[in-house]
J.: 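Have a look at this one before I ask anything.
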Amino acid sequence: MKILVTGSAGFVGFHLVEKLVKLKDYEIIGIDNINDYYDINLKYARLEQSGIVGADIQEGKPVQSMKYPNYIFYRTDISEYDALIELFSKYSFDVVINMAAQAGVRYSIENPHAYIQSNIVGFTNILECCRHFGIKHLVYASSSSVYGVSNKIPFSEDDNTNYPVSIYAATKKSDELLAHSYSHLFNLPTTGVRLFTVYGPWGRPDMAPMLFAEAITADRPIRVFNNGEMSRDFTYVGDIVEGIVNIIGQAPGNDAEHPYYQLFNIGNSRPVELMQFISTLEKAIGREANIEMLPMQPGDVPVTYADTGKLERCIQYKPKTTIEDGIAAFIDWFKHWKT
């Protein structure tokens, strides 16, 4: 089976490749534009971990992994349609997993055009390629952000998501609507996965775990919004990847009303209070945090909480890593990364 993984130098995409290349009979093609939204050295380090040598990377040229014979990487941007057409023509993919996106809630307020280009234009390019090249299953990353400020807890896939409170969330909701249209019009099997606050080794430096860990170890204050009155459904990256891998082979087909389209929450389904999360970090690092309390930021939400009943019923999978075990694994990696 040939699988295209977009965003393969990114946090979740990297871990997904690392999982898939170790499974039997999978040939993985990874692509990423390696943009500078955050430190590209982390992206190159992830690629190197997968056997992709940075010095060999050139725009649009294949790089064979030195570690995995069934993994090839391209530096390619999904917003470049002609480059995607060339790639789809060459490899005859069976499955496409779209993890490529411009991430970050707060940055979307400052630079909305980056989100439209990657998350809307780029995703439409992916859909068009999947349509014209007969892809058997498109799996794509959505986000818990689509739920906005909801008074209904936990968040279910059937909830109203018509009122996103950030531009990032609006683009992710748009992706779900575009996928539904392509599924309906062209019988393209699509599965969207709404990911809930992913954390773990090799994580993004703009997210709370890395920001807090760096500040605590450097004895700098950490910025805690909404005066700490927030909770998140922190989900370990290994659990996210396991869920996606289980979904790959189960394309839509059980819903009479939407036979080619489905959505799943992937979350730990055990929200953690922000102050408890900080306390867990402090214990793992062995130092106390210097906390600076701040008001809620625009585009943020006070709570996320995944109802994973549908995932459990349809895929027979439920994330299970505790916050203590997940943070321990993250800090173990973080200490090595910083040395």
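Nothing fancy with the numbering, it's 1 onward along the sequence.
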J.: Are K338 and E214 close enough, and set up right, to give a side chain to side chain contact (heavy atoms under 4.5 Å, CB included), and what steps lead you there?
T.: CA-CA 9 Å; K338 289 299 177 181; E214 288 184 334; 2.6 Å; yes
J.: With distance as the sole test, does N268 use its side chain to make a donor-acceptor pair with the main-chain N or O of D233 at under 3.5 Å?
T.: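 A pair under 3.5 Å: no.
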J.: Looking at K283 and E324, does any basic side-chain N land under 4.0 Å from a carboxylate oxygen?
T.: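 Salt bridge flag = no for E324 with K283.
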J.: I28, V53: one ILVMFWY side-chain cluster at the under-4.5 Å cut-off?
T.: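 In one cluster with I28: V53, no.
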J.: Test of understanding: clusters of I, L, V, M, F, W, Y form through side-chain heavy atoms closer than 4.5 Å, transitively. Do I167 and V121 belong to the same one?
T.: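 No, separate clusters.
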J.: Nearest 0.5 Å, what's the CG-CD1 distance between N33 and I40?
T.: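 That separation rounds to 11.0 Å.
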J.: Look up atom NE2 in H132 and atom OG in S89, then write down how far apart they are to the nearest 0.5 Å.
T.: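 One finds 11.5 Å between NE2 of H132 and OG of S89.
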J.: Looking at M293, I'd like to know if its CE atom is crowded, meaning that more than 12 non-hydrogen atoms belonging to other residues, nucleotides or ligands lie closer than 6.0 Å.
T.: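 Yes, the 6.0 Å shell around CE holds more than 12 heavy atoms from other groups.
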J.: Side-chain contact test, heavy atoms from C-beta onward, threshold under 4.5 Å: evaluate it for L20 versus I97 and give yes or no.
T.: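 Answer yes - side chains close enough.
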J.: Let me know which of T304, N265, N160 forms a side chain to side chain donor-acceptor pair (under 3.5 Å) with Y147.
T.: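 It is N265, the one option of T304, N265, N160 that forms the side chain to side chain donor-acceptor pair (under 3.5 Å) with Y147.
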J.: To the nearest 0.5 Å, tell me how far I57 CD1 sits from R75 CZ.
T.: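 So the gap between those two atoms works out to 7.5 Å.
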J.: Does a side-chain heavy-atom distance below 4.5 Å link F88 with L4?
T.: yes
J.: Check the pair Y140 / V96 against side chain to side chain contact (heavy atoms under 4.5 Å, CB included), numbers first and verdict last.
T.: CA-CA 8 Å; Y140 63 95; V96 173; over 6 Å; no
J.: Would you call F123 and I78 a side-chain contact if the rule is heavy atoms closer than 4.5 Å?
T.: no
J.: I'd like to know if the side chain of Y115 and the backbone of A169 have a donor-acceptor N/O pair within less than 3.5 Å.
T.: no
J.: I'd like to check Y38 versus R204 (side-chain heavy atoms, cut-off strictly below 4.5 Å). Are they in contact?
T.: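 Yes, close enough: below the 4.5 Å cut-off.
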J.: Kindly say whether L263 contributes a backbone atom to a donor-acceptor pair with the side chain of K310 at under 3.5 angstrom?
T.: yes
J.: Check for me, please, whether L138 and I315 land in the same ILVMFWY cluster - side-chain distances under 4.5 Å, paths through other members count.
T.: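 No; I315 is not reachable from L138 via cluster members.
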J.: Can you check whether Q49's main-chain N or O pairs, donor with acceptor, with K67's side chain at less than 3.5 Å?
T.: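 Side chain of K67 to backbone of Q49, a donor-acceptor pair under 3.5 Å: yes, one is there.
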J.: Quick one: which of F14, Y44, F334 gives a ring pair (Phe, Tyr, Trp, His ring centres under 6.0 Å) with W202?
T.: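 Result: among F14, Y44, F334, F14 is the only option passing the ring pair (Phe, Tyr, Trp, His ring centres under 6.0 Å) with W202.
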J.: Do Y168 side-chain atoms and I109 backbone N/O form a donor-acceptor pair below 3.5 Å?
T.: no
J.: Roughly how far, to the nearest 0.5 Å, is the CE atom of M1 from the NZ atom of K136?
T.: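 With rounding to 0.5 Å, NZ (K136) is 7.5 Å from CE (M1).
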J.: Quick check: Y199 with F330 (ring centres under 6.0 Å apart)?
T.: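 Distance test on ring centres: not under 6.0 Å, no.
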J.: If you define the side chain from C-beta out and look only at heavy atoms, does anything of I52 sit under 4.5 Å from D56?
T.: no
J.: Does E59, at its CD atom, have more than 12 non-hydrogen atoms belonging to other residues, nucleotides or ligands within less than 6.0 Å?
T.: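 Atom CD in E59 is packed in, count exceeds 12.
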J.: Answer yes or no: are there more than 12 heavy-atom neighbours, outside K152 itself, under 6.0 Å from its atom NZ?
T.: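 Yes, enclosed.
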J.: Might you point out which heavy atoms bring H15 and F11 nearest each other, and give the distance in Å?
T.: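 The answer is CD2-O, 3.2 Å.
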J.: Side chains of D206 and Y37: donor-acceptor distance under 3.5 Å anywhere?
T.: yes
J.: State whether the side chain of Q64 and the backbone N or O of Y71 hold a donor-acceptor pair below 3.5 Å, judged by distance alone.
T.: yes
J.: First locate atom CD1 of I126, then atom CD1 of I31, and finally report the distance between them rounded to the nearest 0.5 Å.
T.: 5.5 Å
J.: Can any side-chain N or O of D307 pair as donor or acceptor with the backbone N or O of P154 at less than 3.5 Å?
T.: no
J.: Of the non-hydrogen atoms in R232 and T197, which two are nearest, and what is the gap between them?
T.: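 Nearest heavy atoms, R232 then T197: CD-OG1, 3.6 Å.
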J.: Looking only at heavy atoms, what is the nearest atom pair of P252 and T190, with distance?
T.: CG-O, 3.3 Å
J.: Does a donor on one side chain and an acceptor on the other come within less than 3.5 Å for E18 and S50?
T.: yes
J.: Please assess S142 against R194 for the test side chain to side chain contact (heavy atoms under 4.5 Å, CB included), listing each intermediate value before the final yes or no.
T.: CA-CA 5 Å; S142 186; R194 291 174 174 171; 4.0 Å; yes
J.: Among N290, I278, L211, find the one that has a side-chain contact (heavy atoms from CB on, under 4.5 Å) with I222.
T.: I278
J.: Do P319 and F196 come within less than 4.5 Å of each other through their side chains, counting heavy atoms only?
T.: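 A side-chain contact is absent here, since even the closest heavy-atom pair is not under 4.5 Å.
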J.: Taking C-beta and beyond as the side chain, do K172 and S145 meet within less than 4.5 Å on heavy atoms?
T.: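 Heavy-atom side-chain distance check fails, nothing below 4.5 Å.
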J.: Are L274 and F225 connected into the same hydrophobic cluster when the rule is that any two of I, L, V, M, F, W, Y join if their side-chain heavy atoms are below 4.5 Å apart?
T.: yes
J.: Is there a side chain to side chain contact (heavy atoms under 4.5 Å, CB included) between L47 and D32? Walk through the geometry before answering.
T.: CA-CA 10 Å; L47 289 170; D32 201 293; 5.9 Å; no
J.: Does the side chain of N246 come within less than 4.5 Å of L311's, by heavy atoms?
T.: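 SC-SC contact between L311 and N246 ruled out.
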J.: Given the rule that I, L, V, M, F, W and Y join up when any side-chain heavy atoms are under 4.5 Å apart, are I285 and W337 in one cluster?
T.: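 Same cluster: I285 reaches W337 through Ile, Leu, Val, Met, Phe, Trp or Tyr contacts under 4.5 Å.
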J.: Provide the closest heavy-atom pair for V5 versus G13 in the form atom of the first, atom of the second, distance.
T.: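 In terms of heavy atoms, the two residues are closest at CG1-O, 4.1 Å.
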J.: What closest approach, in Å, do P271 and Y305 show between heavy atoms, and which atom pair accounts for it?
T.: CG-CG, 3.3 Å
J.: Looking at Y163, does the NZ or CZ of K173 lie under 6.0 angstrom from its six-membered ring centre and within 45 degrees of the ring axis?
T.: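 No - K173 does not lie over the ring of Y163 by the 6.0 Å and 45° rule.
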J.: Can any side-chain N or O of Q102 pair as donor or acceptor with the backbone N or O of I116 at less than 3.5 Å?
T.: no
J.: Donor-acceptor check, side chain of T6 to backbone of A100, threshold 3.5 angstrom: yes or no?
T.: yes
J.: Would you give the length of the straight line joining atom CG of L178 to atom CD of E128, rounded to the nearest 0.5 angstrom?
T.: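 Going from CG on L178 over to CD on E128, the span is 10.5 Å.
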J.: Answer yes or no: is there a donor N or O on one side and an acceptor on the other, between the side chain of S183 and the main chain of Y260, under 3.5 Å?
T.: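 The answer is yes, because a donor-acceptor pair under 3.5 Å joins these two groups.
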